[in-house]
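Reviewing the structure listed below.
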Amino acid sequence: MTAVTEVKQLTVARTGNEAMAEAMRQINPDVVAAYPITPATEIAQIFSSFVADGLVNTDMVTVESEHSALSATLGAAAAGARAMTATSSQGLMLMAEIMPIVAALRLPIVMPEVNRAISGPINIHCDHSDTMFCRDAGWIQIFSENAQEAYDNVLQAIKIAENPQVHLPALVTTDGFIISHGMETIKILPDDDAREYIGAYKANYSLLNHEKPITVGSIDLQNYYFEHRIPVIEAMQAAKSIIKQVGKDFGEKYGRAYDLIEKYRTDDAEAAIICLGSTAGTAKDVVDALRTKGQKVGLIKIRVFRPFPVEDLTAALSTLKAVAVFDRSDSLNGYGGPVFTEVCSALFNSAQKPKIINYIYGLGGRDIDVHQIEAVYNRLNSIKDSKDVGDIVSYLGVRK
Amino acid sequence: MATLKELAAREEKFVGGHTSCAGCGYPNIFRLTLAAIKEPVAVVGATGCCEVNTSIFPYTSWKVPFLHNAFENSAATCSGVEAAYQSMVKSGKIKDENFRFIAFGGDGGTYDIGLQSLSGAMERGHDMLYICYDNGAYMNTGIQRSGATPRYANTTTAPVGKVNPGKSQKKKDLAKIMVGHNVPYVAQTIAGNWKDLTNKVEKAMSIRGPKFIVVLATCPLGWVTKSQDTVKLTQMAVDCCFWPLYEVENGKYKINYDPKDKKIPVADWLKLQGRFKHLFKAGNENLLAEIQTEVDQDWENLKALCDFHSKQGVV
């Protein structure tokens with residue numbers, strides 16, 4: 001084995017928002033159009049100071065709404081620019097109309113997005129209801145466990161989104177306040193290495209070629225619409241292997257490898273929790289503690305929710321006896337959370353599958369602690385060999 | 001300013017084959033607008049009749065780069081295209097070709113759903129021209145009332161009924177709203193006057209920064225008018241002073257055409273349009289009189305603004 005890190009990285013203290021702004025500085029997009037929203041405000045705000053200090057060449061478009069933020073970003077990308085924006089919650093939902101258009105036009109826009117509960121009631125703290133609301137918009141969705149991952153994921157998202165086989169927009173999320181405002185020690189690449197890693201962007205088509213004018217965003221009726229949706233669908237499928245490759249390559253270069261999902265101590269595990277985002281960090285501590293007591297427990301973190309890692313999940317779950325899917329949002333479908341229903345759907349045709357229960361937790365920023373997670377592992381241990389799983393969907397940490 | 005002969009000799013950049021109705025106002029507007037611009041130009045269009053009729057895949061009427069995003073955001077989208085151009089020219093990624101940028105929308109996409117996006121783009125000072133083709137209702141979805149629909153016009157969402165005489169509210173004054181943005185150039189013109197329209201586009205193109213032109217356009221279906229009357233109907237709107245030709249350069253108002261003793265009663269213009277036919281039924285004389293009073297008052301106000309600025313002289 002050779003040493004994993006030949007590149008000498010800088011060790012710095014950064015919040016999640018600062019880490020993402022730092023990644024954006026190194027990406028140096030041609031255009032950033034953004035609008036403030038708690039808890040994502042700082043990303044564009046910090047980036048604005050980079051613009052003011054001449055640290056980037058970016059044209060900063062300080063728009064009057066998130067709808068215009070994504071609209072202007074789309075316009076810039078259609079003009080052949082590398083363009084970015086950032087948002088959260090209500091801002092993301094205001095962008096929702098434009099998100100599928102970005103995907104359909106195959107514009108590789110990367111957007112840091114800070115998970116925050118959607119109104120109402122209005123709330124500014126973390127849950128995943130905003131990101132889940134936009135889960136079928138044709139954007140790649142990468143969830144970060146901490147500030148380090150937030151930084152790494154933004155850099156990788158550029159490589160993924162701009163890959164010719166993908167050419168789709170990508171969201172990189174952090175958990176509001178928990179990651180966005182939590183200070184951590186992280187490693188960042190030196191600027192030269194980061195810029196070399198990211199590389200130059202050359203769009204396939206540009207509005208700014210008047211000698212070869214193109215019409216973008218045509219009306220597309222019964223004769224063609226369906227055929228034009230297929231390449232978008234195929235690109236999302238193709239993204240899986242590209243995300244894996246980019247994550248592996250990042251690991252080889254910089255010592256931190258990534259995949260669609262992360263399996264934590266699952267090799268001989270019988271019970272596991274599936275979760276996204278910052279809760280994975282807390283759950284890993286619980287797994288470690290229970291492992292010292294001899295319990296065969298593990299954790300599966302879904303890093304990439306779109307494209308949904310069906311193959312990896314079904315393979316990872318095939319050896320488990322009982323699984324609790326943690327959802328930080330409820331689908332309001334009268335059944336459970338979005339991660340739960342998608343995991344169940346993925347497993348339906350598998351010969352080997354565990355018992356599955358669902359926990360909705362942490363809505364509106366409600367804290368989740370190690371004792372609650374430990375209690376879930378205890379329940380998994382008690383149902384793993386029984387016929388009756390009890391309540392399929394439960395709500396964790398809510399007052400009755 | 002280009003002569004008709006010069007304009008006619010230029011390459012057509014907005015070409016036929018589109019599916020607009022006969023007598024529709026906007027094809028004329030965009031054909032003339034693009035003829036009036038000699039520099040490279042990119043156009044961003046809002047959802048609406050024009051976008052739908054001119055870009056049905058796999059065809060396009062646009063021989064210039066054309067982008068459609070959604071209904072309410074052509075100004076914001078265009079501002080992104082312009083920002084990309086400025087940024088990439090500045091960083092040396094592309095060469096400076098004096099590219100010009102046009103965003104357009106109908107009155108629905110401009111007066112109403114797109115007003116915020118337009119306001120933001122104008123305030124931010126992007127180097128772009130916004131053109132609103134105003135036919136006074138949501139014609140694309142089937143003649144629903146808009147903020148641009150004139151008082152007492154018949155529309156499908158403010159229909160003439162037993163107790164209601166059509167739209168009860170006055171039309172917004174969009175040009176004045178844009179003047180309030182302190183942009184260097186705002187103008188009002190019509191689809192039926194090639195010279196006034198192309199002069200204004202040329203003037204707008206000679207100015208850096210955000211520019212706005214609102215163009216009165218016919219919709220034979222929504223106005224219930226004859227398709228051969230596009231020029232006549234828009235000119236009569238000027239002659240009755242419902243839609244004066246004027247421009248506002250750096251905040252200074254200037255009327256481009258004053259009909260003076262050729263000013264016609266607004267009823268002459270209204271009676272050619274089926275959307276106003278109920279106004280000519282016995283018992284509705286007061287409604288007609290109300291419109292006339294409103295038009296006269298607005299015209300006097302506009303003249304007063306122009307007089308005020310002309311007396312100030314050139315600063």
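Chain identifiers are assigned alphabetically (A, B, ...) following the order of the sequence lines, protein sequences preceding nucleic acid strands; residue numbering begins at 1 within each chain.
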Inset, instruction - Between chain A and each of B:Ile94, B:Thr77, B:Thr47, count heavy-atom pairs under 4.5 Å; write down the option with the most. - result: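 Of B:Ile94, B:Thr77, B:Thr47, B:Thr77 has the most heavy-atom pairs under 4.5 Å with chain A.
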
Inset, instruction - Return the option, out of B:Ala42, B:Ser117, B:Ser119, with the maximum number of heavy-atom pairs under 4.5 Å with chain A. - result: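 Most heavy-atom pairs under 4.5 Å with chain A: B:Ser117.
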
Taking side chain as C-beta onward, heavy atoms only, is [X] less than 4.5 Å from [Y]?
X: B:Gln116; Y: A:His67; result: no
X: A:Tyr224; Y: B:Pro58; result: yes
X: A:Leu74; Y: B:Leu67; result: yes
X: A:Val216; Y: B:His68; result: no

Inset, instruction - Please report the C-alpha distance between B:Asn73 and A:Ser71 in whole Å, then the side-chain angles of each, then the deciding distance to 0.1 Å, and finally whether the side chain to side chain donor-acceptor pair (under 3.5 Å) criterion is met. - result: CA-CA 6 Å; B:Asn73 60 356; A:Ser71 299; 2.7 Å; yes

What part of [X] gets within 4.5 angstrom of chain A, counting heavy atoms only: side chain, backbone, both, or neither?
X: B:Val44; result: neither
X: B:Tyr85; result: both
X: B:Lys63; result: backbone

Legend entry - Side-chain H-bond candidate by donor/acceptor type, A:Ser218 with B:Ser55, under 3.5 Å: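 Checked: A:Ser218/B:Ser55 side chains show no N/O donor-acceptor pair below 3.5 Å.
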
Inset, instruction - Anything in residues 27-57 of chain A with a heavy-atom distance to chain B below 4.5 Å? Please list those residues in order. - result: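 Residues in range: A:Asp30, A:Val31, A:Asn57.
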
Considering only distance and modelled atom types, tabulate donor-acceptor pairs under 3.5 Å from the side chains of residues 121-128 of chain B, sequence neighbours left out.
from     : atom 1 : to       : atom 2 : distance (Å)
B:Arg124 : NE     : B:His126 : NE2    : 3.0
B:Arg124 : NH1    : A:Glu64  : OE1    : 3.0
B:Arg124 : NH1    : B:Gly120 : O      : 3.4
B:Arg124 : NH2    : B:Ser79  : OG     : 3.0
B:His126 : ND1    : B:Glu82  : OE1    : 2.9
B:Asp127 : OD1    : B:Arg100 : NH2    : 3.4
B:Asp127 : OD1    : B:Gly209 : N      : 3.0
B:Asp127 : OD1    : B:Lys211 : NZ     : 3.0
B:Asp127 : OD2    : B:Arg100 : NH2    : 3.4
B:Asp127 : OD2    : B:Arg208 : NH1    : 2.6

